[in-house]
> 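Structure provided below as structure tokens; questions to follow.
Keep in mind it's a predicted model, so treat the numbers as computed, not measured.
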Amino acid sequence: MSVDGAVGRLKSEADEPGWEVDPDDEWGVAVIATVGRQLKLRREAVGMRAAEFGVAVGYGEDMVYKIEGGKRIPRPEYLDRADEVLGADGLLSAMKEDVRRVRYPKKVRDLAQLEARAVELQLYDPLHIHGLLQTPEYARGLLLMRRPAYSGDEVERFIAARVARKAVFERDPAPELSFVLEEWTLRRPLGGRAVLRQQLEHLLEAGHLRNVELQVMPMDRDEHAGVDGGIEVLKCEDGSAVGRSPAVANGRPVSDPKQLRILELRYGIIRAQALTPRESTAFIEQLLGET
């Protein structure tokens with residue numbers, strides 16, 4: 001029985017914050033409603049009351065009703081235990097993949113889908129090391145700085161989403177990835193010096209990949225085309241492209257050729273103003289030696 005072994009207490013909503021369904025995420029709502037309905041049908045088919053089932057899987061009756069009603073996202077271990085208790089022969093456990101996808105915020109899923117289609121990505125983030133380059137430890141340090149503060153569960157949820165996006169590096173054929181990093185983001189020790197060292201080492205590893213180019217924008221540059229905010233330009237094999245920037249369409253994805261030209265022009269100037277990839281590697285190595 002998956003109960004808290006220390007106190008023998010069934011898990012409640014207070015124990016698992018951050019697993020609510022986003023009401024604006026239509027696909028997520030539909031998936032979780034379908035999963036909940038299947039759980040309820042299976043439970044009723046074996047003649048088990050919600051309270052009895054809750055004890056068997058280690059959750060309170062109220063949480064069982066919320067999961068079955070599509071109001072809460074079930075954890076993977078909940079589905080595994082439910083599959084075992086209800087004798088579903090793997091059918092309930094098989095839903096973990098769909099549930100895993102809707103765990104991530106909709107905007108992160110949408111971005112991951114765009115990245116999965118792209119054959120070339122041009123990326124500039126003036127505030128942080130780009131999410132695709134962050135180690136889990138660095139991402140945790142960054143997320144813990146947010147105010148109002150995220151719950152511990154929300155932090156882990158966002159970290160898992162960022163790690164899942166790194167699948168873009170594992171694609172075959174691999175897309176061309178270009179990053180411009182601000183020097184100050186490479187110096188701020190979010191999470192501590194050890195975390196920063198690990199992050200810098202990770203950047204050097206990524207920079208040695210044949211399909212990745214890292215460039216650093218030094219703080220002493222007196223000309224800088226990135227003052228209007230971050231830039232993302234994702235180009236697909238069919239010739240289509242999508243771009244995003246706070247300075248264009250309020251940060252919404254755009255595919256209009258005129259707006260894309262503006263973003264590509266800005267990104268090209270930023271790259272020209274930054275250190276070359278070779279110079280950037282030497283610069284990061286120097287920072288690592290100083291950290």
Side-chain angles (χ1 to χ4, degrees), residues 18 20-32 73 98 100-134 139 142-143 145-148 150 154-155 157-169 171 175-182 185 212-215 217 224-274:
E20 297 86 358
V21 183
D22 182 354
D24 295 325
D25 183 358
E26 295 182 2
W27 182 68
V29 168
V31 168
I32 298 307
I73 302 173
D98 290 329
R100 182 187 66 80
R101 292 175 182 169
V102 300
R103 271 192 63 191
Y104 308 141
K106 183 177 184 298
K107 63 180 182 181
V108 176
R109 294 203 315 269
D110 292 344
L111 181 56
Q113 289 176 357
L114 291 173
E115 291 168 348
R117 293 175 48 226
V119 295
E120 182 181 348
L121 295 88
Q122 300 173 340
L123 307 164
Y124 166 67
D125 188 338
L127 300 178
H128 315 293
I129 293 173
H130 194 277
L132 286 176
L133 293 171
Q134 293 174 11
L142 177 61
L143 291 165
M145 296 297 105
R146 297 296 177 91
R147 295 295 183 273
Y150 291 134
E154 286 174 318
V155 169
R157 184 181 181 189
F158 281 116
I159 292 172
R162 293 190 185 184
V163 170
R165 286 174 57 200
K166 290 180 180 293
V168 70
F169 288 98
R171 283 170 41 198
E176 295 296 320
L177 293 140
S178 169
F179 298 90
V180 179
L181 308 168
E182 287 289 342
T185 67
V212 176
E213 282 196 345
L214 301 184
Q215 292 183 250
M217 177 69 77
H224 193 335
V227 293
D228 286 333
I231 298 175
E232 293 182 352
V233 178
L234 287 69
K235 300 180 180 180
C236 299
E237 189 172 13
D238 61 5
S240 63
V242 178
R244 294 199 316 168
S245 175
V248 176
N250 294 318
R252 296 189 302 274
V254 297
S255 55
D256 176 70
K258 181 178 179 180
Q259 293 174 317
L260 286 171
R261 279 197 299 272
I262 293 173
L263 293 180
E264 288 200 79
L265 174 64
R266 283 183 54 214
Y267 188 77
I269 296 174
I270 290 171
R271 288 193 67 184
Q273 293 169 336

> Identify the two heavy atoms, one from A225 and one from Q273, that lie closest to each other, and give their separation to 0.1 Å.
N-OE1, 2.8 Å

> Under 3.5 Å, side chain of E213 to main-chain N/O of F179, donor-acceptor pair present?
no

> Which pair of non-hydrogen atoms, one from G230 and one from P246, has the smallest distance, and what is that distance?
O-CD, 3.3 Å

> Which atom names give the shortest non-hydrogen contact between R266 and G229, and what distance separates them?
NH2-O, 3.1 Å

> Once you round to the nearest 0.5 Å, how far does CE of M217 lie from CD of E182?
6.0 Å

> Out of curiosity, D98 CG to I32 CD1, how far, rounded to the nearest 0.5 Å?
8.5 Å

> Report the C-alpha distance between R271 and Y124 in whole Å, list the side-chain angles of each, state the deciding distance to 0.1 Å, and finish with yes or no for side chain to side chain contact (heavy atoms under 4.5 Å, CB included).
CA-CA 9 Å; R271 288 193 67 184; Y124 166 67; over 6 Å; no

> Say you draw a straight line from NE2 of H224 to CD1 of I269; how long is it, rounded to the nearest 0.5 Å?
12.0 Å

> Going from CG on L177 to CG on L121, what distance comes out if it is rounded to the nearest 0.5 angstrom?
5.0 Å

> Which pair of heavy atoms, one from L132 and one from R165, lies closest together, and at what distance?
CD2-O, 3.6 Å

> Between L133 and F169, does the side chain to side chain contact (heavy atoms under 4.5 Å, CB included) criterion hold? Intermediate values first, please.
CA-CA 10 Å; L133 293 171; F169 288 98; 4.1 Å; yes

> Hey, could you give me the CZ/CG distance between R162 and L142, rounded to the nearest 0.5 Å?
5.5 Å

> Using only atom types and a distance under 3.5 Å, with no angle test, would you say the side chain of K235 pairs donor to acceptor with the backbone of Q122?
no

> To the nearest 0.5 Å, tell me how far H130 NE2 sits from L181 CG.
9.5 Å

> Pair up each side-chain donor or acceptor in residues 252-262 with any protein partner under 3.5 Å, not counting sequence neighbours, and list the distances.
residue : atom : partner : partner atom : Å
D256    : OD2  : K258    : N            : 3.2
D256    : OD2  : Q259    : N            : 3.2

> Return the minimal non-hydrogen interatomic distance between I231 and Y267, and the atom names on each side.
CD1-N, 3.9 Å

> Heavy atoms, side chains only, cut-off 4.5 Å: are L127 and T185 in contact?
no

> What I'd like to find out is whether the side chain of S178 reaches to under 4.5 Å of the side chain of E120, using heavy atoms alone.
no

> Kindly give the heavy-atom pair with the smallest separation between L263 and S245, and that separation in Å.
CD2-CB, 3.4 Å

